[in-house]
Structure formats: C-alpha cells, structure tokens
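Notes for the one structure printed next.
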Protein chains: 2
Amino acid sequence: MSHRYLILGLLAERPMTGYDIKKHVKAALGTVTNASYGTLYPALHKLQQEGAVEVEEVPQKGRPAKKVYRITESGQSELQGWLRQPATTDQIRREFLLKVYLAKGMEKQDLLLLLANRRCETEALLKSLREEKQDLHDPQQGWVVDYALSVCKAEMDWIKRMEAQVGAA
Amino acid sequence: MSHRYLILGLLAERPMTGYDIKKHVKAALGTVTNASYGTLYPALHKLQQEGAVEVEEVPQKGRPAKKVYRITESGQSELQGWLRQPATTDQIRREFLLKVYLAKGMEKQDLLLLLANRRCETEALLKSLREEKQDLHDPQQGWVVDYALSVCKAEMDWIKRMEAQVGAA
DNA sequence: GTGCGCATGTAAGAGGTTACATGATTAA
DNA sequence: TTAATCATGTAACCTCTTACATGCGCAC
C-alpha cells in the first residue's frame, strides 16, 4: 500500500516528526496499517530527497533537536494525484481463510476449534472497535471504524453459519 | 501468509507440479492469494531440500519431463501442526480505506467519485463471486466464496451509507 | 504462422518487519 | 530505581512481484 502516501497524507494535515506520525497511525489507523520505524524513517528521508517534504530542526530544552517534517507544494500535488486515482483492489489474503480451505485435512473437532477460536478473537476486536468509536479524533476515523465494524460483523455472521453447518454434519 | 503451507496443503490432497498448483490456486483461491511462479518454484525447491516434499520426474511424449511433487510424512506433520495453531489476525490493510481516511484533503466531489468508483468495482466482484458459487470444485471453496461474499456485501452497504452521508453534507 | 497452453525457472528490486543501538526526561 | 515517553536511526532478513528467458505442441 506504500506508506509514502500515508506519510504525505498525514503531513498534509499538520507538520509532524516521525515519532508523531507513528503515534497518530497507531491511534487512528491501527486497523488499516502498522507502520514501523523501520519503514517510516527511511521513507521520510526518501521523500525529503525527492523534495516532497521539508525538514525543520526544532531545538528543545535538555533534549536533542527534533526533526519536524512538512509537506511541500510538490508533495501536495503528488498526494492529490494519488487520491484522485481509484484504489487498487486488494485480496482478502487471510491466513485464516487458507486454513478453512485446507480444512479437508482436518478432523471435524479441529475445524470447530479453529472456528471457535476465531469467533472469540473477532468478538474481542468488535468490542475494541466499539470502544474506539466512543472517542474519535476526527470524523474520518469514524468512517474507518465503521468500515472495520461492518466487515467484522459480516465475519461473525459467517463464522456462526459455518459453525452450525459443520456442527450439524 | 507464507505460501509454504498453501503448497503443503494442496499437495496433501494430491501430487502436483508447480504449474498445477498455480492453476489450482487461481481457480479456487483467487480471492485469498495470488502465488506467482517467482514464489512457487523457489518455495518448492526449499520444501524439497528440507524433506517436506518429494519430487518425481515424469517423462512426457515430445515434451521435457515434468516434476511432480508429493508431500512426505514430515511435511504432513508440519502441515497438521500449522493447521492446529490459531491463525494470526491480519489487518484490513486496504489502500481504499487509507484514501477514505485521507479524504479531508479532498473536494467533496472527488470523495464521491472515489466512492462511486469503488461501488462499481465491488458490484463487479460480487457478481463474479456469485458466478463462482455456481460451479465449485469442492465444498471448501464454497466456504471461502461465502466468506468473500459476506465481506463484499458488508462493504457495499457501508459504501452506500457513506455516499448518502457525504451527499447530504 | 500466430497465439495459447504446457512447463520450468532466475534476477532485480520493492516493500516491509524485527531487532538492535542510543540517550535524555519524568513520573511512580 | 525502574519504567514509560520522547526521539532518531540502522542492519539483517524475509517475502513477494515483475519481468525476463526458454521451448515444445497444437489448434485456428
């Protein structure tokens, strides 16, 4: 998904340090992406080299200076161009689904265990998403949470149908 | 998701060549993974080295011999071990969702365009999934298709809600 | 004679994760 | 004093994608 545009998009809102970006992503986009420092810092350096972002060193009392990045004109137009393009469709790429498909090699009880396990996890995720919905940073985060919520609910229903079907067999 | 177990799982059903695996994946697991030759062949070599699969060269008339891989005892037990473990939860990692989140930087019309675009794509996917459901190779594929169908429907509903909300604003 | 299906592979590179390395401040 | 938060980075590694390279047989 290229973290390039994630960074550009967040910097379009306000200038930030790499550290700020990481925190913001974790707080508001945890369901969408992870963005480790090993991705973020090199990406910022590259964007800077290419002139899509600028850096300003801000001195601090007692601490080494921090690097605040801000998006440039050129970065802005690149971002706009990307936003206007339709998103590439991505697979459902779920390890869980692969296990379900490969379930022919499993005992019925093992399959039921797999499903029950997944049901619990999905329930927990659902709960945390509902909590996240309580205090949001911005309306866009609400949309993302709603999306995740819809997908999660759909998965729950499917799991329950599967359990009934497998249990009956 | 490691294609290692995908290969092991398919070979557990019946011996296959790398080419067969590719075709089978495309036909039955297209929504879950892609598996290019660049992944498949090296993975098969590695599995062979480690003794999880065996190879048999089958001569053909007029053509060079093909390599038919079959799973070994050791491969079987590795597969079973993996199947028994709960699947790791994966993110929703959708480029589309990121665009939605970054929509603050967009004009209202651009956002509506993004949504409409996505709606069409999802509709098309839904249609092809329904067709896929008509002629299935095995019941497991049916489960996977059902899953994809559920998730797609959830996405459709969400898109429509979003469109109504954004349109009204 | 052109293109598709069968069949196997490699190489370069993109993109990402994990763990390591460093070091100051502040609150419990 | 111990842990968390602030803050920046690198190096090794893994996985996967794309594109290339090869070559036969068969049907249209």
Side-chain angles (χ1 to χ4, degrees), chain A residues 1-8 10-11 15-27 29-30 32-50 53 55-69 82 88-95 98, chain B residues 1-8 10-11 15-27 29-30 32-50 53 55-69 82 88-95 98:
Chain A
M1 176 205 48
S2 195
H3 285 144
R4 179 184 189 88
Y5 299 104
L6 171 68
I7 295 175
L8 246 26
L10 295 183
L11 291 184
M16 289 194 235
T17 66
Y19 189 81
D20 291 336
I21 292 174
K22 175 87 156 83
K23 261 199 317 179
H24 188 104
V25 169
K26 198 178 178 187
L29 285 165
V32 181
T33 188
N34 233 330
S36 59
Y37 289 125
T39 307
L40 250 26
Y41 284 117
L44 279 167
H45 300 331
K46 204 183 168 202
L47 283 167
Q48 192 196 339
Q49 269 184 2
E50 294 169 4
V53 304
V55 70
E56 185 195 352
E57 300 225 3
V58 177
Q60 299 175 105
K61 358 103 214 188
R63 274 173 204 286
K66 63 180 174 180
K67 297 186 179 178
V68 177
Y69 292 90
W82 178 76
T88 58
T89 52
D90 31 22
Q91 265 139 350
I92 310 197
R93 209 175 266 300
R94 301 214 157 187
E95 191 183 297
L98 181 60
Chain B
M1 175 206 49
S2 195
H3 284 145
R4 180 184 188 87
Y5 298 103
L6 171 67
I7 295 174
L8 246 27
L10 295 184
L11 291 184
M16 288 194 236
T17 66
Y19 189 82
D20 291 336
I21 292 174
K22 176 87 156 79
K23 263 197 317 176
H24 188 104
V25 169
K26 198 177 178 189
L29 285 165
V32 182
T33 189
N34 233 330
S36 60
Y37 290 126
T39 307
L40 250 27
Y41 284 118
L44 279 167
H45 299 331
K46 203 182 168 205
L47 283 167
Q48 192 196 339
Q49 269 185 2
E50 294 169 3
V53 303
V55 70
E56 185 194 353
E57 301 225 3
V58 177
Q60 298 174 105
K61 1 102 212 191
R63 277 175 201 285
K66 64 181 176 180
K67 297 184 177 179
V68 178
Y69 292 90
W82 178 77
T88 57
T89 51
D90 32 21
Q91 265 139 348
I92 309 196
R93 207 176 269 298
R94 301 215 157 186
E95 192 184 296
L98 181 61

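Below, read A as the first sequence line, B as the second, and so on, with proteins coming before strands; counting in each chain starts at 1.
- When side chains are defined from C-beta on, Gln48(B) counts as touching Val53(B), because their heavy atoms get closer than 4.5 Å.
- Rounded to whole Å, the distance from NZ on Lys22(A) to C1' on dT5(D) is 13 Å.
- Following rounding to the nearest Å, Ile21(B) (CD1) and dC6(C) (C1') show an atom-to-atom distance of 15 Å.
- Summary for the helix from dG1(C)-dC28(D) to dA28(C)-dT1(D): the axes at its two ends, each from 5 pairs, differ by 30° when rounded to the nearest 10 degrees.
- Annotation: side chain of Arg4(B) is in contact with side chain of Glu50(B) (closest heavy-atom distance under 4.5 Å).
- In this structure the side chain of Thr33(A) never reaches within 4.5 angstrom of the side chain of Leu98(B), judged on heavy atoms.
- The nucleotide whose nearest atom lies closest to any side-chain atom of Pro42(A) is, among dT10(D), dG9(D), dT8(D), dT10(D).
- Note: NZ (Lys26(A)) to P (dT17(C)) measures 14 Å, nearest angstrom.
- Rounded to whole Å, atom C1' of dA4(D) lies 9 Å from atom OH of Tyr19(A).
- Using a 4.5 Å heavy-atom threshold, the side chains of Lys67(A) and Tyr41(A) count as separate.
- To the nearest 0.5 Å, atom CG of residue Leu8(A) and atom NE2 of residue His3(A) are 13.5 Å apart.
- A straight line from NZ of Lys66(B) to C1' of dT22(D) spans 19 Å, rounded to a whole angstrom.
- Distances from the side chain of His3(B) to the nucleotides dA7(C), dC16(D), dT17(C) place dC16(D) closest.
- Residue-level contact check: Lys23(A) touches the backbone only, with heavy atoms under 4.0 Å from sugar-phosphate atoms and none from bases.
- Distance from the side chain of Lys67(A) is smallest to dT8(D) among dT8(D), dT25(C), dG16(C).
- One finds no side-chain N or O of Gln60(B) lying less than 4.0 angstrom from the OP1 or OP2 phosphate oxygen of dC6(C).
- Within the 4.5 Å cutoff, the side chain of Val32(B) has no heavy atoms near those of the Leu6(B) side chain.
- Heavy-atom distances to DNA chain C give each of Tyr37(B) and Gln91(B) a nearest nucleotide, and the one nearer the 5′ end belongs to Tyr37(B).
- Between Leu44(B) and Ile21(B) there is a side-chain heavy-atom pair separated by less than 4.5 Å.
- Between the C1' atom of dG9(D) and the NE2 atom of His45(A) lies a distance of 6 Å, rounded to the nearest Å.
- Side-chain contact check for Leu11(B) versus Met16(B): some heavy-atom pair is nearer than 4.5 Å.
- Considering only side-chain atoms of Ser36(B), the nucleotide from dG9(C), dC6(D), dT17(D) that sits closest is dT17(D).
- Of the candidate nucleotides dT18(D), dT8(D), dG23(C), dG23(C) has the atom nearest to the side chain of Arg63(A).
- Of the side-chain N and O atoms in Thr17(B), none sit less than 4.0 angstrom from OP1 or OP2 of dC6(C).
- Distances were taken from every side-chain heavy atom of Thr39(B) (C-beta onward) to each of dC6(D), dC16(D), dA7(C); the shortest belongs to dC16(D).
- If you check every strand for non-hydrogen atoms under 4.0 Å, Gly38(B) touches a base.
- Residue Tyr41(A) contributes atom OH, which lies 15 Å from atom P of dT17(C) at whole-angstrom precision.
- The distance from atom CG of Asp20(B) to atom P of dT8(C) is 8 Å, rounded to the nearest whole Å.
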